[in-house]
There are 2 protein chains.
Amino acid sequence: MSATAQPGPQWRRVLGDLTGWLDAGEVRPGERLPSEAELAERFGVHRLTVRQALGELARTGAIRTVHGRGSYVAEPPYRFRVVPDAPSIVAQMREQGRSVTQRLVAHSVVPSTAAPDATGLPDGDLLQLDTVMCVDGAPWSRATTWLAHDRFAGIPAVWTDNTSLTGLLQAAYGLRMRRAWRRYAAEPAGPADADALDVALGVPLLVLVGANCDQDGEVTLVAARRTRGDRIEYVVEL
Amino acid sequence: MSATAQPGPQWRRVLGDLTGWLDAGEVRPGERLPSEAELAERFGVHRLTVRQALGELARTGAIRTVHGRGSYVAEPPYRFRVVPDAPSIVAQMREQGRSVTQRLVAHSVVPSTAAPDATGLPDGDLLQLDTVMCVDGAPWSRATTWLAHDRFAGIPAVWTDNTSLTGLLQAAYGLRMRRAWRRYAAEPAGPADADALDVALGVPLLVLVGANCDQDGEVTLVAARRTRGDRIEYVVEL
DNA sequence: TAGTGGTCTAGACCACCGG
DNA sequence: CGGTGGTCTAGACCACTAT
(Lines give C-alpha, C1' and ligand atoms only; values in the text may rest on other atoms or scores of the structure.)
Protein backbone atom coordinates (compact mmCIF):
# COMPACT_ATOMS: atom_id res chain seq x y z
CA MET A 1 0.00 0.00 0.00
CA SER A 2 2.87 2.30 0.67
CA ALA A 3 0.88 4.60 2.88
CA THR A 4 4.23 5.63 4.31
CA ALA A 5 3.46 8.98 5.84
CA GLN A 6 6.92 10.49 5.82
CA PRO A 7 7.76 14.04 6.79
CA GLY A 8 10.05 14.86 3.84
CA PRO A 9 9.21 15.68 0.25
CA GLN A 10 6.87 13.39 -1.61
CA TRP A 11 9.43 12.22 -4.12
CA ARG A 12 11.37 10.83 -1.18
CA ARG A 13 8.44 8.73 -0.20
CA VAL A 14 8.02 7.54 -3.77
CA LEU A 15 11.74 6.79 -3.91
CA GLY A 16 11.52 4.89 -0.66
CA ASP A 17 8.59 2.83 -1.83
CA LEU A 18 10.21 2.01 -5.15
CA THR A 19 13.43 1.07 -3.41
CA GLY A 20 11.35 -1.20 -1.23
CA TRP A 21 9.93 -2.88 -4.31
CA LEU A 22 13.39 -3.56 -5.60
CA ASP A 23 14.79 -4.76 -2.31
CA ALA A 24 11.83 -7.05 -1.79
CA GLY A 25 12.15 -8.41 -5.30
CA GLU A 26 8.61 -7.41 -6.20
CA VAL A 27 10.11 -6.26 -9.46
CA ARG A 28 13.00 -8.45 -10.54
CA PRO A 29 16.12 -7.52 -12.46
CA GLY A 30 15.31 -7.20 -16.13
CA GLU A 31 11.64 -6.56 -15.54
CA ARG A 32 9.94 -3.31 -16.43
CA LEU A 33 8.52 -0.91 -13.89
CA PRO A 34 5.03 0.46 -14.45
CA SER A 35 5.00 3.50 -16.71
CA GLU A 36 5.58 6.92 -15.20
CA ALA A 37 1.97 7.82 -15.79
CA GLU A 38 0.76 4.75 -14.00
CA LEU A 39 3.16 5.25 -11.10
CA ALA A 40 1.98 8.83 -10.80
CA GLU A 41 -1.59 7.70 -10.59
CA ARG A 42 -0.81 4.90 -8.19
CA PHE A 43 1.13 7.16 -5.82
CA GLY A 44 -1.31 10.00 -6.23
CA VAL A 45 1.32 12.49 -7.39
CA HIS A 46 2.25 14.29 -10.54
CA ARG A 47 4.34 12.53 -13.13
CA LEU A 48 7.23 14.93 -12.56
CA THR A 49 7.32 13.91 -8.93
CA VAL A 50 7.66 10.32 -10.00
CA ARG A 51 10.38 11.31 -12.43
CA GLN A 52 12.36 12.90 -9.64
CA ALA A 53 12.39 9.59 -7.80
CA LEU A 54 13.13 7.57 -10.92
CA GLY A 55 16.00 9.91 -11.72
CA GLU A 56 17.63 9.15 -8.41
CA LEU A 57 17.24 5.44 -8.95
CA ALA A 58 18.78 5.73 -12.39
CA ARG A 59 21.71 7.74 -11.10
CA THR A 60 22.46 5.15 -8.46
CA GLY A 61 22.24 2.46 -11.09
CA ALA A 62 19.26 0.66 -9.56
CA ILE A 63 17.18 1.05 -12.69
CA ARG A 64 17.87 1.78 -16.31
CA THR A 65 15.50 4.00 -18.25
CA VAL A 66 15.09 3.69 -22.01
CA HIS A 67 13.36 6.34 -24.04
CA GLY A 68 10.15 5.05 -25.54
CA ARG A 69 10.22 1.73 -23.72
CA GLY A 70 10.25 2.15 -19.98
CA SER A 71 12.35 1.77 -16.85
CA TYR A 72 13.93 -1.58 -16.18
CA VAL A 73 15.36 -2.97 -12.99
CA ALA A 74 19.11 -3.23 -13.42
CA GLU A 75 21.00 -6.43 -12.98
CA PRO A 76 22.74 -6.48 -9.64
CA PRO A 77 25.91 -4.46 -10.10
CA TYR A 78 28.18 -7.39 -10.54
CA ARG A 79 31.80 -6.44 -10.56
CA PHE A 80 34.82 -7.95 -12.06
CA ARG A 81 37.65 -8.14 -9.66
CA VAL A 82 40.57 -7.09 -11.72
CA VAL A 83 43.93 -7.87 -10.25
CA PRO A 84 46.47 -5.35 -11.47
CA ASP A 85 49.31 -7.74 -11.07
CA ALA A 86 49.03 -10.74 -13.30
CA PRO A 87 48.50 -10.50 -17.05
CA SER A 88 46.73 -7.75 -18.93
CA ILE A 89 43.13 -6.94 -18.15
CA VAL A 90 41.97 -8.37 -21.45
CA ALA A 91 43.77 -11.65 -20.95
CA GLN A 92 42.49 -11.86 -17.41
CA MET A 93 38.89 -11.45 -18.44
CA ARG A 94 39.15 -13.92 -21.26
CA GLU A 95 40.52 -16.44 -18.81
CA GLN A 96 37.34 -15.92 -16.85
CA GLY A 97 35.36 -16.88 -19.91
CA ARG A 98 34.30 -13.37 -20.88
CA SER A 99 34.14 -12.22 -24.46
CA VAL A 100 36.20 -9.07 -24.69
CA THR A 101 36.48 -6.72 -27.66
CA GLN A 102 38.31 -3.45 -27.96
CA ARG A 103 37.29 -1.11 -30.73
CA LEU A 104 39.70 1.56 -31.86
CA VAL A 105 37.43 4.56 -32.20
CA ALA A 106 40.11 7.14 -32.97
CA HIS A 107 43.83 7.57 -33.25
CA SER A 108 45.92 10.65 -33.73
CA VAL A 109 49.35 12.11 -33.32
CA VAL A 110 49.58 14.59 -30.48
CA PRO A 111 52.33 16.59 -28.81
CA SER A 112 53.71 15.10 -25.63
CA THR A 113 51.87 17.73 -23.62
CA ALA A 114 48.61 15.92 -24.36
CA ALA A 115 49.39 13.05 -22.01
CA PRO A 116 48.72 13.38 -18.29
CA ASP A 117 51.50 15.33 -16.67
CA ALA A 118 54.33 13.65 -14.85
CA THR A 119 54.09 10.56 -16.94
CA GLY A 120 57.74 10.04 -17.63
CA LEU A 121 57.19 9.45 -21.34
CA PRO A 122 60.03 10.61 -23.57
CA ASP A 123 59.62 13.91 -25.40
CA GLY A 124 58.46 13.95 -28.98
CA ASP A 125 55.19 13.25 -30.71
CA LEU A 126 52.88 10.65 -29.24
CA LEU A 127 50.48 8.26 -30.81
CA GLN A 128 47.15 8.53 -29.03
CA LEU A 129 44.72 5.62 -29.21
CA ASP A 130 41.11 5.98 -28.12
CA THR A 131 39.43 2.66 -27.52
CA VAL A 132 36.18 1.33 -26.13
CA MET A 133 36.14 -2.04 -24.47
CA CYS A 134 33.04 -4.21 -24.46
CA VAL A 135 32.66 -7.22 -22.19
CA ASP A 136 30.06 -9.79 -23.12
CA GLY A 137 28.75 -7.29 -25.64
CA ALA A 138 28.14 -4.45 -23.19
CA PRO A 139 30.22 -1.28 -23.04
CA TRP A 140 32.58 -1.55 -20.14
CA SER A 141 35.33 1.02 -20.29
CA ARG A 142 36.99 3.69 -22.40
CA ALA A 143 40.70 4.05 -22.59
CA THR A 144 43.11 6.56 -23.99
CA THR A 145 46.63 5.32 -24.55
CA TRP A 146 49.79 7.21 -25.40
CA LEU A 147 52.90 5.75 -26.98
CA ALA A 148 55.94 7.16 -28.74
CA HIS A 149 54.77 7.82 -32.27
CA ASP A 150 58.00 7.15 -34.11
CA ARG A 151 58.25 3.69 -32.65
CA PHE A 152 54.63 2.55 -32.75
CA ALA A 153 53.08 4.36 -35.72
CA GLY A 154 52.09 1.04 -37.29
CA ILE A 155 49.71 -0.01 -34.56
CA PRO A 156 46.45 1.47 -35.91
CA ALA A 157 46.92 -0.32 -39.23
CA VAL A 158 46.97 -3.74 -37.62
CA TRP A 159 44.35 -3.15 -34.93
CA THR A 160 41.35 -5.46 -34.77
CA ASP A 161 38.51 -5.72 -32.30
CA ASN A 162 40.21 -8.69 -30.71
CA THR A 163 43.49 -6.93 -30.16
CA SER A 164 45.00 -6.89 -26.73
CA LEU A 165 47.47 -4.06 -26.73
CA THR A 166 49.76 -5.84 -24.33
CA GLY A 167 49.73 -8.90 -26.56
CA LEU A 168 50.24 -6.84 -29.69
CA LEU A 169 53.23 -5.03 -28.26
CA GLN A 170 54.81 -8.29 -27.24
CA ALA A 171 54.08 -10.09 -30.50
CA ALA A 172 54.96 -7.33 -32.95
CA TYR A 173 57.58 -5.40 -31.03
CA GLY A 174 59.02 -7.97 -28.67
CA LEU A 175 58.11 -5.70 -25.83
CA ARG A 176 57.49 -7.05 -22.36
CA MET A 177 56.35 -4.39 -19.96
CA ARG A 178 55.89 -4.07 -16.26
CA ARG A 179 53.85 -1.61 -14.25
CA ALA A 180 55.53 1.60 -13.14
CA TRP A 181 52.78 3.45 -11.27
CA ARG A 182 49.02 3.65 -10.98
CA ARG A 183 46.58 6.37 -9.92
CA TYR A 184 43.01 5.57 -8.87
CA ALA A 185 40.24 8.14 -8.85
CA ALA A 186 36.45 8.37 -9.04
CA GLU A 187 34.90 10.83 -11.46
CA PRO A 188 31.42 11.51 -12.81
CA ALA A 189 30.70 10.45 -16.36
CA GLY A 190 30.93 13.34 -18.80
CA PRO A 191 29.01 13.57 -22.07
CA ALA A 192 31.56 11.52 -23.98
CA ASP A 193 31.57 8.84 -21.28
CA ALA A 194 27.80 8.72 -21.12
CA ASP A 195 27.68 8.28 -24.87
CA ALA A 196 30.37 5.64 -25.20
CA LEU A 197 29.53 3.63 -22.09
CA ASP A 198 25.77 3.88 -22.38
CA VAL A 199 25.25 5.33 -18.91
CA ALA A 200 23.59 8.41 -17.50
CA LEU A 201 25.48 11.67 -17.16
CA GLY A 202 27.27 11.87 -13.84
CA VAL A 203 27.33 8.23 -12.83
CA PRO A 204 30.53 7.25 -11.05
CA LEU A 205 33.43 5.98 -13.10
CA LEU A 206 36.54 4.41 -11.70
CA VAL A 207 39.46 6.07 -13.39
CA LEU A 208 42.79 4.33 -13.55
CA VAL A 209 45.79 6.20 -14.93
CA GLY A 210 48.96 4.27 -15.18
CA ALA A 211 52.30 3.90 -16.83
CA ASN A 212 54.20 0.84 -17.94
CA CYS A 213 57.88 0.63 -18.57
CA ASP A 214 60.03 -1.69 -20.65
CA GLN A 215 62.82 -3.98 -19.56
CA ASP A 216 65.19 -1.04 -19.24
CA GLY A 217 62.89 0.86 -16.92
CA GLU A 218 61.93 3.41 -19.57
CA VAL A 219 58.28 4.49 -19.52
CA THR A 220 56.88 3.42 -22.87
CA LEU A 221 53.13 3.48 -22.39
CA VAL A 222 50.71 5.67 -20.49
CA ALA A 223 47.02 4.88 -20.35
CA ALA A 224 43.91 6.36 -18.78
CA ARG A 225 41.03 3.94 -18.43
CA ARG A 226 37.52 5.05 -17.42
CA THR A 227 35.36 2.14 -16.32
CA ARG A 228 31.75 1.97 -15.21
CA GLY A 229 31.81 1.99 -11.43
CA ASP A 230 29.17 -0.70 -11.21
CA ARG A 231 31.24 -3.04 -13.32
CA ILE A 232 34.66 -3.09 -11.79
CA GLU A 233 36.66 -3.41 -8.66
CA TYR A 234 40.43 -3.37 -8.60
CA VAL A 235 42.00 -5.74 -6.16
CA VAL A 236 45.57 -5.28 -5.06
CA GLU A 237 47.24 -8.01 -3.07
CA LEU A 238 50.27 -6.77 -1.23
CA MET B 1 24.87 36.67 -25.73
CA SER B 2 24.84 32.92 -25.79
CA ALA B 3 22.71 32.76 -28.92
CA THR B 4 24.09 29.27 -29.35
CA ALA B 5 21.49 27.67 -31.57
CA GLN B 6 22.05 24.03 -30.70
CA PRO B 7 19.94 21.16 -31.89
CA GLY B 8 19.48 19.36 -28.57
CA PRO B 9 17.26 20.24 -25.63
CA GLN B 10 17.34 23.75 -24.28
CA TRP B 11 18.75 22.79 -20.91
CA ARG B 12 21.79 21.49 -22.77
CA ARG B 13 22.33 24.90 -24.27
CA VAL B 14 21.92 26.51 -20.87
CA LEU B 15 24.33 23.96 -19.41
CA GLY B 16 26.80 24.65 -22.16
CA ASP B 17 26.62 28.39 -21.66
CA LEU B 18 27.00 28.11 -17.90
CA THR B 19 29.93 25.75 -18.34
CA GLY B 20 31.42 28.34 -20.63
CA TRP B 21 31.08 30.97 -17.93
CA LEU B 22 32.93 28.78 -15.48
CA ASP B 23 35.67 27.79 -17.90
CA ALA B 24 36.20 31.38 -18.92
CA GLY B 25 36.33 32.48 -15.33
CA GLU B 26 33.45 34.92 -15.78
CA VAL B 27 32.22 33.59 -12.46
CA ARG B 28 35.07 32.69 -10.16
CA PRO B 29 35.27 29.96 -7.55
CA GLY B 30 33.42 31.04 -4.44
CA GLU B 31 31.27 33.55 -6.26
CA ARG B 32 27.53 33.24 -6.57
CA LEU B 33 25.70 32.62 -9.80
CA PRO B 34 22.68 34.75 -10.64
CA SER B 35 19.47 33.45 -9.09
CA GLU B 36 17.51 30.79 -10.90
CA ALA B 37 14.79 33.29 -11.68
CA GLU B 38 17.25 35.70 -13.20
CA LEU B 39 18.97 32.98 -15.21
CA ALA B 40 15.60 31.85 -16.50
CA GLU B 41 14.80 35.33 -17.64
CA ARG B 42 18.22 35.87 -19.13
CA PHE B 43 18.14 32.61 -21.09
CA GLY B 44 14.50 33.04 -22.00
CA VAL B 45 13.44 29.71 -20.54
CA HIS B 46 11.43 28.47 -17.62
CA ARG B 47 13.02 28.25 -14.23
CA LEU B 48 12.73 24.45 -14.23
CA THR B 49 14.78 24.33 -17.40
CA VAL B 50 17.49 26.28 -15.68
CA ARG B 51 17.26 23.96 -12.71
CA GLN B 52 17.85 20.97 -14.95
CA ALA B 53 21.14 22.49 -16.07
CA LEU B 54 22.13 23.59 -12.57
CA GLY B 55 21.40 20.09 -11.33
CA GLU B 56 23.89 18.63 -13.77
CA LEU B 57 26.52 21.14 -12.72
CA ALA B 58 25.93 20.30 -9.08
CA ARG B 59 26.21 16.59 -9.72
CA THR B 60 29.51 17.00 -11.48
CA GLY B 61 30.72 19.16 -8.62
CA ALA B 62 31.17 22.30 -10.68
CA ILE B 63 28.81 24.29 -8.49
CA ARG B 64 27.40 23.96 -5.04
CA THR B 65 23.81 24.95 -4.39
CA VAL B 66 22.63 26.09 -0.97
CA HIS B 67 18.98 26.37 -0.08
CA GLY B 68 17.94 29.96 0.52
CA ARG B 69 21.26 31.42 -0.57
CA GLY B 70 22.11 30.50 -4.12
CA SER B 71 24.49 28.51 -6.29
CA TYR B 72 28.18 29.01 -5.82
CA VAL B 73 31.05 28.10 -8.08
CA ALA B 74 33.00 25.29 -6.45
CA GLU B 75 36.67 25.44 -5.75
CA PRO B 76 38.60 23.55 -8.39
CA PRO B 77 38.43 19.85 -7.42
CA TYR B 78 41.85 19.69 -5.91
CA ARG B 79 42.88 16.21 -4.98
CA PHE B 80 45.16 14.86 -2.40
CA ARG B 81 47.46 12.26 -3.75
CA VAL B 82 47.44 9.62 -1.10
CA VAL B 83 50.20 7.09 -1.33
CA PRO B 84 49.04 3.82 0.18
CA ASP B 85 52.52 2.78 1.05
CA ALA B 86 54.13 5.08 3.55
CA PRO B 87 52.52 5.97 6.87
CA SER B 88 48.83 6.21 7.62
CA ILE B 89 46.63 8.54 5.68
CA VAL B 90 46.21 10.82 8.65
CA ALA B 91 49.92 11.09 9.28
CA GLN B 92 50.53 11.67 5.61
CA MET B 93 48.10 14.54 5.40
CA ARG B 94 49.37 16.17 8.52
CA GLU B 95 52.84 16.07 7.07
CA GLN B 96 51.44 18.02 4.16
CA GLY B 97 50.29 20.68 6.59
CA ARG B 98 46.61 19.75 6.58
CA SER B 99 44.53 19.84 9.70
CA VAL B 100 42.92 16.44 10.03
CA THR B 101 40.23 15.41 12.51
CA GLN B 102 38.41 12.13 12.79
CA ARG B 103 35.16 12.10 14.71
CA LEU B 104 33.86 8.82 16.08
CA VAL B 105 30.17 9.04 15.22
CA ALA B 106 29.19 5.55 16.34
CA HIS B 107 30.62 2.33 17.65
CA SER B 108 29.00 -1.01 18.23
CA VAL B 109 29.65 -4.68 18.65
CA VAL B 110 28.63 -6.72 15.65
CA PRO B 111 28.87 -10.35 14.58
CA SER B 112 31.74 -11.16 12.29
CA THR B 113 29.30 -11.49 9.41
CA ALA B 114 28.92 -7.70 9.38
CA ALA B 115 32.35 -7.11 7.91
CA PRO B 116 32.89 -7.37 4.14
CA ASP B 117 33.23 -10.99 3.19
CA ALA B 118 36.54 -12.61 2.60
CA THR B 119 38.27 -10.35 5.04
CA GLY B 120 40.29 -12.93 6.86
CA LEU B 121 39.37 -11.56 10.27
CA PRO B 122 39.15 -14.13 13.05
CA ASP B 123 35.70 -15.33 14.07
CA GLY B 124 33.96 -13.83 17.07
CA ASP B 125 32.41 -10.47 17.79
CA LEU B 126 33.83 -7.41 16.13
CA LEU B 127 34.10 -3.84 17.28
CA GLN B 128 32.77 -1.60 14.55
CA LEU B 129 33.87 2.03 14.45
CA ASP B 130 32.12 4.59 12.26
CA THR B 131 34.15 7.71 11.73
CA VAL B 132 34.02 10.86 9.65
CA MET B 133 37.25 12.51 8.65
CA CYS B 134 37.48 16.23 8.04
CA VAL B 135 40.41 17.85 6.30
CA ASP B 136 40.92 21.56 6.81
CA GLY B 137 37.49 21.64 8.36
CA ALA B 138 35.61 20.14 5.41
CA PRO B 139 34.12 16.64 5.37
CA TRP B 140 36.41 14.39 3.42
CA SER B 141 35.64 10.74 3.98
CA ARG B 142 33.65 8.26 6.04
CA ALA B 143 35.15 5.06 7.27
CA THR B 144 33.88 1.94 8.91
CA THR B 145 36.48 -0.13 10.71
CA TRP B 146 36.25 -3.62 12.16
CA LEU B 147 38.51 -5.05 14.85
CA ALA B 148 38.33 -8.01 17.18
CA HIS B 149 36.14 -6.85 20.04
CA ASP B 150 37.73 -8.80 22.84
CA ARG B 151 41.11 -7.30 22.12
CA PHE B 152 40.21 -3.72 21.30
CA ALA B 153 37.07 -2.97 23.31
CA GLY B 154 38.78 -0.06 25.04
CA ILE B 155 39.29 2.01 21.92
CA PRO B 156 36.07 4.05 21.96
CA ALA B 157 36.75 5.24 25.49
CA VAL B 158 40.04 6.84 24.56
CA TRP B 159 39.09 8.19 21.14
CA THR B 160 39.50 11.90 20.46
CA ASP B 161 39.03 13.95 17.32
CA ASN B 162 42.77 13.96 16.83
CA THR B 163 43.16 10.22 17.02
CA SER B 164 44.93 8.41 14.27
CA LEU B 165 43.85 4.81 14.54
CA THR B 166 47.17 3.56 13.30
CA GLY B 167 48.95 5.67 15.87
CA LEU B 168 46.60 4.62 18.63
CA LEU B 169 47.04 0.94 17.91
CA GLN B 170 50.76 1.33 17.97
CA ALA B 171 50.89 3.45 21.11
CA ALA B 172 48.32 1.60 23.20
CA TYR B 173 48.67 -1.92 21.88
CA GLY B 174 52.19 -2.03 20.55
CA LEU B 175 50.77 -3.06 17.23
CA ARG B 176 52.59 -2.38 14.01
CA MET B 177 50.59 -3.36 10.97
CA ARG B 178 51.25 -3.78 7.33
CA ARG B 179 48.86 -3.82 4.41
CA ALA B 180 47.41 -7.15 3.36
CA TRP B 181 45.13 -6.30 0.47
CA ARG B 182 43.17 -3.38 -1.00
CA ARG B 183 40.09 -3.11 -3.18
CA TYR B 184 39.27 0.05 -5.12
CA ALA B 185 35.80 0.86 -6.40
CA ALA B 186 33.68 3.84 -7.42
CA GLU B 187 30.17 4.13 -6.02
CA PRO B 188 27.47 6.77 -5.93
CA ALA B 189 26.87 8.56 -2.65
CA GLY B 190 23.88 7.19 -0.77
CA PRO B 191 21.75 9.13 1.69
CA ALA B 192 24.12 8.52 4.60
CA ASP B 193 27.11 9.57 2.49
CA ALA B 194 25.37 12.65 1.23
CA ASP B 195 24.54 13.65 4.77
CA ALA B 196 27.92 12.98 6.33
CA LEU B 197 30.08 14.28 3.50
CA ASP B 198 27.91 17.23 2.56
CA VAL B 199 27.53 16.28 -1.07
CA ALA B 200 24.62 15.64 -3.39
CA LEU B 201 23.04 12.22 -3.68
CA GLY B 202 24.78 10.11 -6.27
CA VAL B 203 28.07 11.94 -6.62
CA PRO B 204 31.01 9.60 -7.15
CA LEU B 205 32.86 8.32 -4.14
CA LEU B 206 36.13 6.44 -4.24
CA VAL B 207 35.71 3.41 -2.04
CA LEU B 208 38.73 1.71 -0.59
CA VAL B 209 38.28 -1.52 1.31
CA GLY B 210 41.36 -2.98 2.84
CA ALA B 211 42.81 -5.22 5.47
CA ASN B 212 45.90 -4.87 7.56
CA CYS B 213 47.70 -7.63 9.34
CA ASP B 214 50.01 -7.73 12.32
CA GLN B 215 53.60 -8.88 12.53
CA ASP B 216 52.48 -12.51 12.48
CA GLY B 217 50.52 -12.09 9.28
CA GLU B 218 47.16 -12.30 11.04
CA VAL B 219 44.49 -9.96 9.71
CA THR B 220 43.62 -7.67 12.61
CA LEU B 221 41.87 -4.72 10.99
CA VAL B 222 39.47 -4.32 8.10
CA ALA B 223 38.32 -0.90 6.97
CA ALA B 224 36.05 0.54 4.30
CA ARG B 225 36.68 4.17 3.48
CA ARG B 226 34.35 6.23 1.30
CA THR B 227 35.96 9.42 0.09
CA ARG B 228 34.62 12.27 -2.01
CA GLY B 229 35.78 11.59 -5.55
CA ASP B 230 36.72 15.20 -6.13
CA ARG B 231 39.02 15.20 -3.13
CA ILE B 232 41.23 12.19 -3.50
CA GLU B 233 43.45 10.24 -5.77
CA TYR B 234 45.30 7.14 -4.68
CA VAL B 235 48.75 6.79 -6.10
CA VAL B 236 50.50 3.45 -6.11
CA GLU B 237 54.16 3.29 -7.03
CA LEU B 238 55.24 -0.17 -8.03
C1' DT C 1 10.61 40.72 5.50
C1' DA C 2 12.53 39.94 0.99
C1' DG C 3 15.07 36.90 -1.75
C1' DT C 4 16.62 32.46 -2.58
C1' DG C 5 16.22 27.58 -3.77
C1' DG C 6 12.97 23.16 -3.14
C1' DT C 7 8.78 21.02 -4.30
C1' DC C 8 4.54 20.22 -6.62
C1' DT C 9 0.73 20.46 -9.95
C1' DA C 10 -1.54 20.96 -14.53
C1' DG C 11 -1.10 20.45 -19.03
C1' DA C 12 1.17 20.33 -23.40
C1' DC C 13 4.11 18.74 -27.16
C1' DC C 14 7.93 16.10 -28.94
C1' DA C 15 10.98 11.89 -29.82
C1' DC C 16 11.44 7.23 -29.66
C1' DC C 17 9.96 2.35 -29.76
C1' DG C 18 7.32 -1.49 -30.84
C1' DG C 19 3.84 -4.01 -33.33
C1' DC D 1 -0.39 3.56 -34.74
C1' DG D 2 -0.41 3.72 -29.44
C1' DG D 3 2.45 3.77 -25.53
C1' DT D 4 6.52 5.25 -23.51
C1' DG D 5 9.86 8.54 -21.73
C1' DG D 6 12.03 13.55 -22.61
C1' DT D 7 11.29 18.33 -22.50
C1' DC D 8 9.08 22.63 -21.60
C1' DT D 9 5.94 26.15 -19.79
C1' DA D 10 2.92 28.53 -16.34
C1' DG D 11 2.09 29.20 -11.93
C1' DA D 12 1.86 28.22 -7.12
C1' DC D 13 3.39 27.37 -2.43
C1' DC D 14 6.84 26.04 0.98
C1' DA D 15 11.46 26.19 3.47
C1' DC D 16 15.52 28.35 4.27
C1' DT D 17 18.78 32.45 4.81
C1' DA D 18 19.88 36.91 5.67
C1' DT D 19 18.85 41.50 7.26
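Computed from a predicted structure; not experimentally measured. In what follows, chains are A, B, ... by sequence order, proteins preceding strands, each numbered from 1.
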Specify the separation, in whole Å, of atom NE2 of A:His46 and atom C1' of D:dG11. 12 Å

With a 4.0 Å cut-off on heavy atoms, is B:Leu48 in touch with a base, just the backbone sugar-phosphate, or nothing at all? base

In whole Å, I'd like the distance from the CZ atom of B:Arg12 to the P atom of D:dG6. 13 Å

Toward the 5' end of DNA chain C, which comes first, A:Gly44 or B:Ser35, by nearest nucleotide? B:Ser35

Considering non-hydrogen atoms only, spot the tightest contact between A:Ala194 and A:Leu201 and give its length. CB-N, 4.1 Å

Length of the CD-P vector between A:Gln52 and C:dC8, whole Å: 8 Å

Of B:Thr49 and A:Glu38, whose nearest nucleotide on DNA chain D comes first from the 5' end? A:Glu38

Starting at atom CZ of A:Arg64, determine the distance to atom P of D:dG6, rounded to an integer number of angstrom. 11 Å

Could you encode protein contacts along nucleotides 12-19 of chain C as a string, one character per nucleotide from 5' to 3', using B for base contact, S for sugar-phosphate-only contact and - for no contact, with a heavy-atom cut-off of under 4.0 Å? B--BBSS-

D:dT4 C1' sits how many Å from A:Leu39 CG, rounded? 12 Å

With a 4.0 Å cut-off, would you call A:Arg142 and A:Asp195 a salt bridge? no

So which nucleotide from D:dG6, D:dT9, C:dT7 ends up closest to the side chain of A:Glu36? D:dG6

A:Leu57 CG to D:dG5 C1': how many Å, rounded? 15 Å

Looking at CG of B:Leu54 and CD of B:Glu56, how far apart are the two atoms once the value is rounded to the nearest 0.5 Å? 10.0 Å

Provide, to the nearest angstrom, the distance between the CG atom belonging to B:Leu54 and the P atom belonging to C:dG5. 8 Å

Taking all heavy atoms of B:Trp146 and all of B:Pro116, pick out the closest pair and write down the distance. CZ3-CD, 3.4 Å

Between CE on residue A:Met133 and OG on residue A:Ser164, distance to nearest 0.5 Å: 8.5 Å

Residues B:Arg182 and B:Ala211: closest non-hydrogen pair is NH1-O, 3.1 Å

Distance check needed: D:dG11 C1' versus B:Arg51 CZ, whole Å only. 15 Å

Taking only side-chain nitrogens and oxygens of B:Gln10, does any of them come within less than 4.0 Å of OP1 or OP2 of D:dT9? yes

Under the side-chain contact (heavy atoms from CB on, under 4.5 Å) rule, what do A:Thr227 and A:Val82 come out as? Steps first, then yes or no, please. CA-CA 12 Å; A:Thr227 310; A:Val82 175; over 6 Å; no

